[in-house]
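Taking it in order: structure first as structure tokens, then the write-up.
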Amino acid sequence: MAGFFGPGCGGLSRVAGRFVLRTVDGAADLLMEELRGMASVHSVRQVSVGAVECMVDGALDELVRCPLYSSVAVDGAVVPALAWMRRFGSLERLPWSTNLVVAEVLTRLAKVRPGQCVVDPFCGTGTILLSVRRRVPTARVLGVDRDPHAVELAARNLHHQALVRGLAQALPVSDGSVDRVVANLPFGKQVGSHRLNRELYPAVVRELDRVLAGDGRAVLLTEDKRLLRAAAERGRGLKVVRERLLRYNGATPTAYVLTRISKRAKSR
């Protein structure tokens, strides 16, 4: 490896070497897609469900800005300067805050477009909304959470952008006004309980049916999988169109993508 340390981002400038980047298990394909769009990266290949290998020859700017990996080894040596927190800084967090890389995965599954309205009804400290703004700076974001302390921390992270203390099952938005909903639901472990989720999940799905636009899309992460599937199946307006299993920190949640049921399908 040549020319790794030098002026530039955090003491990094240009590099020629073999990189192995670590993401969450189940997201390697998304990381590969982004790496293949970088001018200085080539020979990209998946080496495990959570790791991607590539050759880098050139400026590191694009790689430094990529938020889909948490750590990197260069020719076998771990490079602390390319760790997530060194690249993007520290955030106000709670023990149950969304994993930073997982938030980036959910944002990509949501396929947010410029100018769209994006709501996180369980925003916590705002991790997912920060990811949305990082990827689509012109998106209009709204965070809702019942915990006043979480909303206070989110305000610090998001520099007091649109944040409301409220309930996910009673969002302060009009019918059909939301383009995307992206949320890390209470798993019923650190936050809430399975018993509470039996009432919460159906209520949330009904509320999403109310607020989502005709071409709206929701991405919901949970480990309480049967409950969410059942809530979607019982609902009249939304259906699960995609599932992605993720593994990180001992958790194995699934990200569910929901869209509207077509009028033709409803009439059958």
Side-chain angles (χ1 to χ4, degrees), residues 26 94-99 102-103 105-107 109-111 117-129 131-132 141-147 150-151 154 164-214 216-262 265-266:
L94 290 169
W96 50 86
S97 292
T98 305
N99 177 286
V102 169
V105 171
L106 300 181
T107 295
L109 295 177
K111 299 183 178 180
C117 174
V118 183
V119 174
D120 181 351
F122 299 92
C123 73
T125 57
T127 308
I128 291 173
L129 296 179
S131 169
V132 170
V141 301
L142 170 65
V144 179
D145 202 285
R146 65 182 299 170
D147 182 349
V151 172
V164 178
R165 182 186 176 189
L167 299 176
Q169 57 270 47
L171 296 172
V173 296
S174 57
D175 296 359
S177 63
V178 176
D179 299 296
R180 300 289 187 266
V181 172
V182 191
N184 181 2
L185 303 183
F187 290 2
K189 296 178 180 179
Q190 282 185 302
V191 179
S193 67
H194 177 74
R195 179 181 60 81
L196 293 175
N197 283 350
R198 284 186 294 186
E199 295 184 2
L200 177 64
Y201 281 21
V204 168
V205 170
R206 287 194 298 270
E207 184 68 349
L208 298 191
D209 186 17
R210 180 185 73 82
V211 305
L212 277 173
R217 186 180 184 93
V219 179
L220 308 176
L221 184 75
T222 184
E223 275 198 322
D224 216 339
K225 305 178 187 187
R226 288 186 179 179
L227 274 185
L228 183 59
R229 289 195 200 99
E233 290 169 0
R234 288 197 301 268
R236 296 175 295 176
L238 301 176
K239 62 179 178 180
V240 175
V241 296
R242 186 176 180 186
E243 301 179 16
R244 180 180 288 257
L245 176 66
L246 303 175
R247 292 187 178 88
Y248 59 94
N249 301 336
T252 56
T254 293
Y256 294 88
V257 180
L258 288 77
T259 61
R260 288 209 169 278
I261 297 173
S262 67
K266 284 184 179 180

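In this text, all values refer to a predicted model and were calculated from it rather than measured experimentally. In what follows, residues are counted from 1 in the order of the sequence shown.
- With values rounded to the nearest 0.5 angstrom, Leu200 atom CG is found 7.5 Å from Leu185 atom CG.
- The structure places CZ of Arg247 at 13.5 Å from CG of Asn249, a figure rounded to the nearest 0.5 Å.
- Counting heavy atoms from C-beta on, the side chains of Leu245 and Lys225 come closer than 4.5 Å.
- In this structure, the separation between CG on Asp145 and CZ on Arg165 is 9.5 Å, given to the nearest 0.5 Å.
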**Message:** Assess the residue pair Glu243 and Arg229 against the criterion (salt bridge (charged side-chain N to carboxylate O under 4.0 Å, His left out)); give the C-alpha distance rounded to whole Å, side-chain angles, the decisive distance to 0.1 Å, and a yes or no.
**Reply:** CA-CA 10 Å; Glu243 301 179 16; Arg229 289 195 200 99; 3.7 Å; yes

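- Once rounded to the nearest 0.5 Å, the distance linking CG of Leu106 with CG of Asp120 reads 9.0 Å.
- Residues meeting the side chain to side chain donor-acceptor pair (under 3.5 Å) test with Asn184, sequence neighbours left out: Thr98.
- To the nearest 0.5 Å, atoms CG (Leu228) and OG1 (Thr254) are separated by 9.5 Å.
- Distance CZ/Arg236 to CD1/Ile261: 10.5 Å, rounded to 0.5 Å.
- Scored by the side chain to side chain donor-acceptor pair (under 3.5 Å) test, Arg146 finds no partners at all (sequence neighbours excluded).
- Between the side chain of Asp224 and the backbone N or O of Leu227 there is no donor-acceptor pair closer than 3.5 Å.
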**Message:** Using the rule given for side chain to side chain contact (heavy atoms under 4.5 Å, CB included), can you reason through Arg217 versus Leu258, listing the C-alpha separation, both sets of side-chain angles and the distance that settles it, and then say yes or no?
**Reply:** CA-CA 6 Å; Arg217 186 180 184 93; Leu258 288 77; over 6 Å; no

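- Residues Cys117 and Asp179 approach most closely at N-OD2, 2.8 Å, considering heavy atoms.
- Looking at Leu167 and Glu207, their side chains never come closer than 4.5 Å, going by heavy atoms from C-beta outward.
- Leu208 is listed as a side-chain neighbour of Leu220, based on a closest heavy-atom distance under 4.5 Å.
- With sequence neighbours excluded, no residue forms a side chain to side chain donor-acceptor pair (under 3.5 Å) with Tyr248.
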